[in-house]
Amino acid sequence: MTTSGPAPATHFIREIIDEDLRTGKHARIQTRFPPEPNGYLHIGHAKAICLNFGLAADYPNSLCNLRFDDTNPTKEEEEFVQSIIEDIRWLGFDWEDRLYYASDYFEKLYEWAEDLVGKGKAYVCDLSADEIRESRGTLTEPGRESPHRNRSPAENLDLLRRMRAGEFPDGSRTLRAKIDMAHGNMNMRDPIMYRILRARHHRTGDAWCIYPTYDWAHGQSDSIEGITHSLCSLEFEDHRPLYDWFLDALGVSHPRQIEFAKLRLSYTVLSKRRLRRLVEEGVVSGWDDPRMPTLRGLRRRGFTPESIRALCDRVGVAKKESVIDLALFEHLLREDLNKRARRAMAVLRPLKLVLVDYPEGKTEELSAVNNPEDPSMGTRTVPFSRELFIEKDDFLEHPPKEFYRLAPGREVRLRYAYFVKCVEVVKDPATGEPIEIRCTHDPATRGGDAPDKRKVKATLHWVSAGHAVAAEVRLYDHLFSVPDPTDAREGKDFKDYLNPNSLAVIPSCRIEPSLAAAAPGVHVQFERVGYFVVDTVDSKPGKPVFNRTVTLRDEWARIQKRHPSSR
RNA sequence: UGGGGCGUCGUUAAGUGGUAUGACACAGGUCUUUGGAACCUGGUUCGGAGGUUCGAAUCCUCCCGCCCCAGCCA
C-alpha cells in the first residue's frame with residue numbers, strides 16, 4: 001500500500017516503533033486488525049485498519065494480520081466475517097495468507113489456562129454472576145475474595161477439566177485469574193478467563209462449552225502471532241496491566257499494547273449501539289443506507305477508498321479524544337473526485353428555456369470536455385436544440401446585486417453552447433412563478449466563446465428538452481443537524497437531533513443522454529451541482545438513480561446564508 | 001473520598017527550554033466557458049495560578065475541566 005508522496009505524518013506510536021527498531025528490541029514489526037465479527041465496519045474502524053496496515057507497509061519486512069476476535073459465540077456470525085473481509089479489501093488492504101481467528105487458538109489457550117492453574121495463578125470459582133458482581137467491590141471500595149480462591153491446583157485442574165467436559169451448567173462456574181481483589185483497577189480483581197456457555201460457535205461449532213473472555217484471549221493471540229505492537233483504543237488502557245500480567249505469568253513472547261483515541265466524526269454517530277438503533281427503528285433503510293457512516297454506506301454514497309485513506313492519514317494518531325470535522329472528510333473527497341469524476345450536465349429542478357430565434361426541429365451536437373482536470377479523459381458530444389431546461393435556481397426575476405445568473409434582459413453563457421439573453425418571462429397565471437424563459441442566442445458564440453471577447457458573469461448548465469433522459473436523484477445531507485448528537489441535553493436522545501432533510505428524493509430530473517447508460521458505482525460530477533454516484537442497489541437501465549455524494553463548494557449558497565434577504 | 005487517561009486557533013494535529021507551525025473551516029482577493037478547481041493574503045491560540053530560568057507550550061507545585069473502568073461484551 002506504499003504510495004509515493006509526502007512522508008507519513010509522525011505520531012507517538014511511530015516514535016515508539018522507531019525507538020524499538022533503533023535499540024534493536026525489534027528488527028521488524030507485526031501488527032494486527034482484530035475485529036469482532038458482530039457487526040459492520042464503519043469509518044471509525046477504518047482508522048484502525050489504516051493505522052495497522054499502514055504501519056506494516058511503511059516499515060521494512062513488516063506485516064499486518066487480519067484476526068477475527070471471535071470469543072463470544074452468542075453475538076458473532078459468519079455473515080459479518082464475510083462483510084468485514086469485503087470492506088477491508090475495498091479499502092485497499094491485503095493480509096495475504098494471514099487470516100486468523102482467535103478461535104484458532106482455543107486449544108492453546110486452554111492448555112495455557114491449565115498451566116496457570118498449575119502455577120496457582122488461576123482458580124475455578126463457583127460464584128454466580130450476581131455473587132461475583134457483588135463481591136467485586138466498587139470503584140472506591142475493595143472487593144472480597146471468593147471463598148473458592150484458595151483451592152489447590154489439583155482440585156482446580158480437576159474442576160477446569162470437568163468444566164471443559166461439560167459437567168456443569170452454563171454460568172455455574174468460571175475460571176478466574178488469582179490477582180488482587182483490592183486492586184484499584186477493577187480489571188485486576190480476579191478477572192474471569194473462562195465462562196461456561198453452550199452456544200454454537202460459527203467456526204468451532206459445538207466443540208466447546210467454555211469460551212475465553214476478551215482479556216484472556218487477546219494478548220495471548222497477539223503473542224501466538226508474534227505481534228510486536230498491539231494497537232487498540234483508549235478504553236483498553238485499564239486492561240493493559242492485565243494484558244501484561246497474563247503474558248508475564250505465562251512467560252511467553254510479550255507484545256506491547258498501545259492505546260490511541262478512536263476516530264469520531266461530526267454530524268454522525270459511530271457506536272454500534274446507536275447505529276443499530278438507526279437501522280432497527282427505520283431511520284435509515286439499512287446498514288448500507290448512503291447516510292450511514294458504515295463502509296458499506298459510504299461506498300454506496302459514493303465515497304472513495306482513496307478519500308477514506310486520506311482522511312485516516314490526515315486525522316493523526318494521538319491520545320486526545322477528538323471529533324473530526326466532517327468538512328475535512330468532504331474536502332478530501334472532493335479533492336479525489338475532482339481529479340477522477342467525469343463531468344456531465346444534469347438539471348435537478350427543470351425550468352424551460354426557449355430560444356425564440358433558434359430554428360424549430362434543428363439539433364446540433366456540441367463538444368464538451370469530460371474532465372477539465374484531466375485532458376486524457378477526452379470529450380463527448382451533447383445535443384442542443386431550441387427547447388432546453390435550465391436549473392430553476394439559475395433564474396431570478398428580481399435578482400439581488402450578488403446574483404449574476406440569468407435575469408430579465410441579462411446575457412449568460414450556456415456551457416459549451418451559446419450566449420443567450422433573456423427577452424421574456426412566461427409566468428404561471430395562478431402562482432406568478434416563472435414557468436418558461438424566452439431567450440435569443442448569439443450564433444457567433446457557438447461553443448461558448450465570444451469572438452468580440454465580451455464577458456458574461458455566469459455560465460449555466462442545461463439539457464436539451466427533447467433529448468434529455470429522466471432520472472431519479474437522491475439528495476443526501478448530514479444525518480444529524482448538530483456536530484455532536486451524542487452530547488444530548490438532559491432528557492434528550494441523539495435521535496432528537498436527526499436532520500429532517502438528510503434525504504430529499506427528486507423523482508424526475510433531466511440528465512444529458514450520455515449519462516443514461518452509466519454503470520452502477522460510477523462517479524460523475526453534475527457540473528455546478530455536485531458529485532453523484534450511480535446507485536448500486538436501485539439504479540436500473542432505463543431508470544437510472546443517482547445519489548448525491550457531496551455538493552460542490554457553493555459560493556452563491558454562502559452569500560445567501562450571509563444575506564438571507566437576497567432571495 | 002479508588003484506578004487509568006487527556007487539555008496548543010472554530011476543529012484537528014506539530015512543537016521535546018530559545019521567533020508558536022500545518023491542514024480543514026472562516027474572511028478577503030486573483031483567475032476562470034463549473035460562483036467548481038487552482039493560486040494569493042489574513043487571525044496570535046498553549047485550561048488556570050504560582051514557581052525555576054536570561055528565556056517556559058515544554059521543567060516543578062497546586063488547582064480546574066473533560067473522558068474511561070464496578071459484563072461470565074469486545
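Both backbone and side-chain heavy atoms feed into the values below; hydrogens, waters and symmetry mates do not. Convention: sequence-line order gives letters A, B, ...; per-chain numbering from 1.
Contact annotation: A:His461 does not reach the phosphate of B:U34 (side-chain N/O to OP1 or OP2, under 4.0 Å). A sub-4.0 Å separation between OP1 or OP2 of B:A13 and a side-chain N or O of A:Ser322 is present. Not one side-chain nitrogen or oxygen of A:Thr459 sits closer than 4.0 Å to the OP1 or OP2 atom of B:U32. The shortest distance between the side-chain N/O atoms of A:Arg558 and the OP1/OP2 oxygens of B:C26 is below 4.0 Å. Between A:Arg340 and B:A37, a side-chain N or O to OP1/OP2 separation shorter than 4.0 Å is absent. Phosphate proximity of B:G7 to A:Lys319: absent, as no side-chain N or O sits under 4.0 Å from OP1 or OP2. OP1 or OP2 of B:U12 has not a single side-chain nitrogen or oxygen of A:Arg264 nearer than 4.0 Å. For A:Lys339 and B:A37, the shortest distance from a side-chain N or O to OP1 or OP2 is not below 4.0 Å. Between A:Arg133 and B:C72 there is no side-chain polar atom (N or O) within less than 4.0 angstrom of OP1 or OP2. Regarding contacts with the backbone of B:G36, every side-chain N or O of A:Arg343 stays at 4.0 angstrom or more from both OP1 and OP2.
Remark: the A:Arg264 side chain and the A:Thr486 side chain contain an N/O donor-acceptor pair separated by less than 3.5 Å. Side-chain atoms of A:Asn371 and A:Arg343 include a donor-acceptor pair closer than 3.5 Å. Defined by atom type and a distance below 3.5 Å, a donor-acceptor pair is present between the side-chain atoms of A:Tyr105 and A:Glu225. Checked by atom type, the side-chain pair A:Glu79/A:Tyr40 shows a donor-acceptor distance below 3.5 Å. Side chains of A:Ser128 and A:Asp130: no donor on one and acceptor on the other come within 3.5 Å. Between the side chains of A:Thr213 and A:Arg195, not a single donor N or O lies within less than 3.5 Å of an accepting N or O. Looking only at atom types and distance, the side chain of A:Arg189 has no donor-acceptor partner in the side chain of A:His183 under 3.5 Å away.
For A:Phe236, counting side-chain heavy atoms from C-beta on, the closest listed nucleotide (B:A74, B:A70, B:U12) is B:A74. Side-chain proximity of A:Glu373 to the nucleotides B:A37, B:U34, B:G4 is greatest for B:A37. Here B:A23 is the nucleotide among B:C73, B:A23, B:G3 with the atom lying nearest to any side-chain atom of A:Arg314. Residue A:Arg553 has its side chain nearest to B:A37 when only B:G4, B:A37, B:U34 are considered. For A:Asp554, whose side chain is taken as the heavy atoms from C-beta onward, the closest listed nucleotide among B:C72, B:G35, B:C69 is B:G35. Of the candidate nucleotides B:U12, B:A25, B:G2, B:G2 has the atom nearest to the side chain of A:Thr140. The side chain of A:Lys320 has B:G7 as its nearest neighbour among B:C68, B:G7, B:U34. Set against B:C69, B:A23, B:C73, the side chain of A:Glu36 has B:C73 as its closest nucleotide. Distances from the side chain of A:Pro372 to the nucleotides B:G36, B:U12, B:A23 place B:G36 closest. You'll find that the side chain of A:Phe403 is closest to B:G35, out of B:A70, B:G35, B:A74.
Under the Watson-Crick or G-U wobble criterion, with both distances below 3.5 Å, B:U30 is paired with B:A38. The partner of B:U19, taking Watson-Crick or G-U wobble pairs whose two distances both stay under 3.5 Å, does not exist in any strand shown. B:A70: no Watson-Crick or G-U partner with both key distances under 3.5 Å is found in any strand. When both distances must be under 3.5 Å, the Watson-Crick or G-U wobble mate of B:C6 is B:G65.
You won't find any donor-acceptor pair under 3.5 Å spanning the side chain of A:Glu321 and the base of B:G7, going by distance alone. At a cut-off of 3.5 angstrom, the base of B:G3 holds at least one donor-acceptor pair with the side chain of A:Asp238.
In terms of position along RNA chain B, the nucleotide closest to A:Ala557 lies nearer the 5' end than the nucleotide closest to the other residue of the pair A:Thr74 and A:Ala557. Position along RNA chain B of the nearest nucleotide to A:Arg415 versus A:Arg240 favours A:Arg240 as the more 5'-ward residue.
Only the P atoms considered, B:G47 is 33 Å distant from B:A38, to the nearest whole Å. Straight-line distance between the P atoms of B:G17 and B:C59: roughly 8 Å, to the nearest whole Å. As rounded to the nearest Å, B:U61 and B:U19 have P atoms that lie 26 Å from one another. Of the C1' atoms belonging to B:A23 and B:U58, the separation is 23 Å, rounded to the nearest Å. Going from the C1' atom of B:A14 to that of B:A49 covers 27 Å, rounded to whole Å. B:G5 and B:U16 have their P atoms separated by 23 Å, with the value rounded to a whole Å. Using P as the reference atom, B:C63 and B:G3 are 14 Å apart when rounded to the nearest Å. One P atom belongs to B:C39, the other to B:G22, and the distance between them is 15 Å to the nearest Å.
Taking atom CG of A:Asp449 as the reference point, atom P of B:U34 lies 11 Å away to the nearest angstrom. Taking atom NE2 of A:His42 as the reference point, atom P of B:A74 lies 17 Å away to the nearest angstrom. Whole-Å rounding puts the A:Leu242 CG to B:G4 P distance at 16 Å. Rounded to an integer number of Å, the gap from A:Tyr214 OH to B:C69 P is 14 Å. Atom CE in A:Met186 sits about 8 Å away from atom C1' in B:C69, given to the nearest Å. Residue A:Asp70 contributes atom CG, which lies 14 Å from atom C1' of B:C73 at whole-angstrom precision. If you take CG of A:Asn187 and P of B:A70, they are 8 Å apart, rounded to a whole angstrom. A:Gln257 places its CD atom 12 Å from the C1' atom of B:G4, with the value rounded to the nearest Å.
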Evaluate the criterion side chain to side chain donor-acceptor pair (under 3.5 Å) for residue pair A:Gln257 and A:Glu259; output intermediate values, then yes/no.
CA-CA 7 Å; A:Gln257 173 178 308; A:Glu259 312 84 14; 3.1 Å; yes
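Under 4.0 Å is where a charged nitrogen must lie from a carboxylate oxygen, and between A:Glu364 and A:Arg446 at least one such pair does.
Anti is the glycosidic conformation of B:G5, whose angle departs from 0 by more than 90°.
Here A:Ser128 lies in heavy-atom contact (under 4.0 Å) with a base. Residue contacts shown for A:Ala129 include a base, since a base heavy atom lies under 4.0 Å away. Residue contacts shown for A:Ile132 include a base, since a base heavy atom lies under 4.0 Å away. Nucleic acid contact for A:Tyr404: base, since at least one base atom lies under 4.0 Å from a heavy atom of the residue.
Between atom CZ of residue A:Phe389 and atom CG of residue A:Leu348 there is a gap of 13.5 Å, rounded to the nearest 0.5 Å.
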